[in-house]
2 protein chains.
Amino acid sequence: MSESQIIEADLVWTGTSFERDVRIAVNEDGVIASVGKVDGATTRRLERKALLPGFVNAHSHAFQRGLRGLGETFPKGEGSFWTWREAMYDLVERIDAEIIYELSKQAFSEMLACGITTVGEFHYLHHDQSKAGYTFDEVVLKAAADAGIRIALLNVFYKTGGIRKPLGRGQDRFATPSLEAYWDQMDMLAELIDPATQSLGVVAHSIRAVPLDDLVALHEEACKRGMVFHMHVEEQPQEIIECIEAYHKPPMALLNERLEISPFLTAVHCTHTADKDMDEFLASGGNVCICPLTEANLGDGLANVPRLLRNDGRICLGTDSNSRLCFTEEMRLLEYGQRLRLQKRGVCVDGQGNVGTKLLEMATSNGARSLGLKVGKIAKGHHADFATIDLDAAALKGWTETTLLDTLILGTGNEAIAETCVGGS
Amino acid sequence: MSESQIIEADLVWTGTSFERDVRIAVNEDGVIASVGKVDGATTRRLERKALLPGFVNAHSHAFQRGLRGLGETFPKGEGSFWTWREAMYDLVERIDAEIIYELSKQAFSEMLACGITTVGEFHYLHHDQSKAGYTFDEVVLKAAADAGIRIALLNVFYKTGGIRKPLGRGQDRFATPSLEAYWDQMDMLAELIDPATQSLGVVAHSIRAVPLDDLVALHEEACKRGMVFHMHVEEQPQEIIECIEAYHKPPMALLNERLEISPFLTAVHCTHTADKDMDEFLASGGNVCICPLTEANLGDGLANVPRLLRNDGRICLGTDSNSRLCFTEEMRLLEYGQRLRLQKRGVCVDGQGNVGTKLLEMATSNGARSLGLKVGKIAKGHHADFATIDLDAAALKGWTETTLLDTLILGTGNEAIAETCVGGS
């Protein structure tokens with residue numbers, strides 16, 4: 001842990017605007033002790049910099065960084081999510097502990113370079129070639145620690161290769177054969193993690209990979225333990241068709257019926273979710289994680305974001321396949337996808353009609369809510385996790401305090417992110 | 001002009017792949033003399049670099065760089081292209097020669113930093129506050145020269161504020177009252193430009209801004225002079241409705257009927273063009289310029305790209321409003337927009353089904369065709385304009401010769417562009 005310190009920058013984002021003359025006291029645990037008029041001398045002056053809360057990446061599969069630039073040739077004509085999944089399984093089959101460590105560390109390091117300070121790692125690739133033991137769980141935690149990123153290891157329960165189907169090629173690397181084995185491993189991990197920067201969450205991979213009874217039991221136990229719960233929901237129409245065939249309703253309707261939806265639950269994607277199912281899910285406080293770049297790359301489609309927002313939907317963002325790591329681009333593409341779909345401007349807006357603050361909320365505090373962490377805000381009691389903006393970046397030129405956030409989010413990639421700070425260091 | 005030189009990099013893009021052990025001889029005019037096995041000693045070795053042809057930005061309004069981050073608050077609810085245009089006119093009214101110089105130089109410098117070596121500057125902001133003389137034409141040329149970018153100044157004819165309507169607020173800064181005055185100015189500019197890096201093209205702003213007879217006469221004269229001709233076409237549905245009311249058919253049908261379409265003609269946007277009109281335009285060799293980031297920001301919508309490609313459409317790319325300058329993101333968004341629209345992967349593909357080579361063709365040689373310039377290829381007789389790729393960039397890690405292009409285009413922003421070279425220097 002670091003020493004206690006007082007940090008000062010030209011501008012600090014305090015929730016709704018950038019402010020000057022704001023100093024941040026950080027205690028020796030890396031937690032913000034106070035913000036504003038702080039007693040004592042500044043110990044760290046960030047010149048020509050603005051501070052944002054570090055971005056919270058609520059959904060990542062770090063190892064898929066190994067697919068960047070692969071699977072983009074379609075000799076048989078067009079491709080789909082499912083042809084892409086075959087390429088992903090090819091990668092899975094050749095991964096050993098060293099490869100997953102290198103790929104994960106690479107992805108986490110690139111995340112930090114784009115301002116992400118917390119990753120929700122939706123981790124389903126548990127086993128090495130031997131398929132014995134959950135070798136890769138610890139490797140991913142070590143990669144996160146070595147890269148220096150805060151991680152919520154969202155450990156995945158994965159049992160079937162499709163509804164009532166045995167596991168297929170590659171999927172034996174993901175297998176969690178029983179709830180008992182799953183929770184034994186979670187108990188072991190709970191002992192292992194560094195509580196200063198690491199936490200655990202519970203995941204049912206998808207309706208394809210988890211029998212309904214297991215899903216219900218898994219979620220009940222997660223609730224009992226007060227742990228966040230994530231699940232892939234309705235990314236592809238085919239999943240919905242298969243679920244209706246098996247259970248007579250789509251996945252989201254099934255979740256609404258069988259689980260106690262709460263702010264602890266995050267449904268990832270929801271690209272094709274019916275409005276009424278979504279309304280019900282949101283009314284119970286559920287979170288939705290959208291992964292704009294990955295959903296575009298995979299040709300998933302565009303969710304009905306205005307409907308989500310009208311119902312006060314807590315949208316958070318994820319980099320998912322990590323085919324490109326840039327969180328401003330994720331924010332921008334969320335809004336731009338909707339502008340293209342609806343042929344109007346200003347879809348994701350806050351109460352004052354501003355785009356930047358709404359997108360930033362999704363990229364920070366909404367992600368924090370989804371992962372159950374005190375991050376995503378520069379406020380007392382929150383971890384001192386910051387993204388530092390270079391006010392002299394060429395792409396920002398012309399900024400004013402009022403326009404800086406919109407200029408950053410809509411006008412820049414990673415070139416304006418100077419550095420990131422996790423837990424004060 | 002520079003000395004003759006022999007350039008060597010780890011990898012050189014030769015049209016369909018990256019190759020090793022390729023050297024490039026550049027003559028003292030900054031033109032490629034030979035590529036491949038070149039006699040003589042290497043004068044410039046680019047270590048850990050790959051060379052691509054510099055990107056060709058076929059459509060820019062450089063001064064709109066001044067709007068970056070502005071106009072993204074929508075207090076009355078949603079916005080549109082037309083509310084954005086009001087913000088643009090606000091900027092226009094406060095621009096003087098110094099401001100347009102600074103904004104243009106800023107935009108051109110940022111373009112170079114993202115690998116763009118040629119800009120087609122669709123220049124309609126001609127006048128300062130006095131409205132006398134075409135003061136800003138020379139200012140924009142000077143800004144390009146000072147930034148070091150190759151420019152095709154696409155000088156705009158602009159006469160009406162809507163079909164058969166007088167000019168409105170701000171638009172008197174754009175006015176070109178007669179064809180005679182327009183060509184007088186073009187003759188003056190032809191004397192002024194530096195032929196090594198500057199050229200001229202002819203533009204009718206849009207069907208809104210140019211009476212039909214003037215459009216026909218302008219295009220005829222451009223053809224006589226062998227000059228390229230650009231025009232905004234069917235970006236917004238409202239333009240099509242007004243055109244049908246006035247002329248009983250949409251803009252593109254009117255162009256097909258009244259102009260001799262050829263590879264010298266580029267229609268910019270074509271977001272809402274009817275398939276049959278597009279087919280006819282393409283059959284005559286016309287180019288289409290798509291501006292993915294701007295069309296997304298403005299909520300224009302998505303063109304029917306598969307139809308364009310099925311008819312061998314020569315799509316080139318433009319950064320238009322320059323709200324974000326990143327040419328890999330432009331390429332990526334062209335493909336991703338279509339994947340989202342069609343829910344499939346691999347829309348823009350070459351004959352072998354590859355995405356990267358097709359997008360690169362649009363970003364280079366197709367742009368060169370649209371601007372009538374010998375650029376966009378690393379080949380004998382072409383200007384020595386290169387984008388240099390940093391092979392050690394973190395975002396590229398894991399590249400192979402086969403995957404490098406896809407990794408660059410789909411996986412990086414500007415962080416992998418090391419430097420650019422225009423005319424060999």
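Hydrogens, waters and symmetry mates are skipped; everything else that's a heavy atom, side chains included, is used. The chains referred to below are lettered A, B, ... by the order of the sequence lines, with proteins before strands, and numbering in each begins at 1.
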Less than 4.5 Å to any heavy atom of chain B: does that hold for the side chain of [X], its backbone, both, or neither?
X        : answer
A:Arg341 : neither
A:Glu415 : side chain
A:Leu404 : neither

Acceptor/donor pairs from residues 356-363 of chain B side chains to any protein atom, 3.5 angstrom cut, sequence neighbours excluded:
from, atom 1, to, atom 2, distance (Å)
B:Thr357, OG1, B:Asp350, OD2, 2.4
B:Thr357, OG1, B:Asn354, OD1, 3.2

Practice prompt. Could you tell me which residues in residues 294-301 of chain B have at least one non-hydrogen atom under 4.5 Å from a non-hydrogen atom of chain A, sorted by residue number?
Written response: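 Answer by number: B:Glu295, B:Ala296, B:Asn297, B:Leu298, B:Gly299, B:Asp300, B:Gly301.
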Fill in: Residue-level contacts of residues 80-93 of chain B with chain A, using a heavy-atom cutoff under 4.5 Å
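Interface residues of residues 80-93 of chain B: B:Ser80, B:Phe81, B:Trp84.
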Interface residue of largest heavy-atom contact number with chain A, from [options], under 4.5 Å:
options                      : result
B:Gly79, B:Gly351, B:Gly346  : B:Gly79
B:Asn414, B:Thr412, B:Leu293 : B:Thr412
B:Ser323, B:Ala395, B:Cys326 : B:Ala395

Worksheet item: So, A:Arg68 side chain and B:Asp406 main chain: donor-acceptor pair closer than 3.5 Å or not?
Response: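 The answer is no, because no donor-acceptor pair under 3.5 Å joins these two groups.
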Discussion item. Any side-chain to backbone donor/acceptor pair from A:Arg345 onto B:Phe74? Under 3.5 Å, distance only.
Written reply: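 It does not hold such a pair.
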Item to complete: Rounded to the nearest 0.5 Å, what's the gap from CG on A:Leu70 to OG1 on B:Thr400? Could you check?
Response: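 These two atoms lie 7.5 Å from each other.
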Worksheet item: Once you round to the nearest 0.5 Å, how far does CD1 of B:Ile409 lie from CZ of A:Arg324?
Response: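 Taking CD1 in B:Ile409 and CZ in A:Arg324, the distance rounds to 13.0 Å.
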Worksheet entry | Top contributor to chain B contacts, counting heavy-atom pairs under 4.5 Å, from A:Thr407, A:Leu405, A:Leu340 |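 Ranked by heavy-atom pairs under 4.5 Å with chain B, first place is A:Leu340.
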Worksheet entry | Region of B:Gln343 that comes under 4.5 Å of a non-hydrogen atom in chain A |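 Contact with chain A: backbone and side chain both.
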Worksheet item: Relative to chain A, which segment of B:Val349 carries a heavy atom at a distance below 4.5 Å: side chain, backbone, both, or neither?
Response: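 B:Val349 touches chain A through side-chain heavy atoms alone.
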Item to complete: State whether A:Arg339 and B:Glu72 are salt-bridged, where the test is any N-O pair (Lys NZ or Arg NE/NH1/NH2 against Asp/Glu carboxylate O) under 4.0 Å.
Response: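 Yes, this pair counts.
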Worksheet item: chain B contacts: which residues in residues 98-114 of chain A have a non-hydrogen atom closer than 4.5 Å to it?
Response: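 Within residues 98-114 of chain A, the residues that come under 4.5 Å of chain B (heavy atoms only) are A:Gln106, A:Glu110.
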Fill in: For the student: nearest non-hydrogen atoms of B:Arg65 and A:Lys397, plus distance
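Heavy atoms only, the tightest pair is NH2-O, 3.1 Å.
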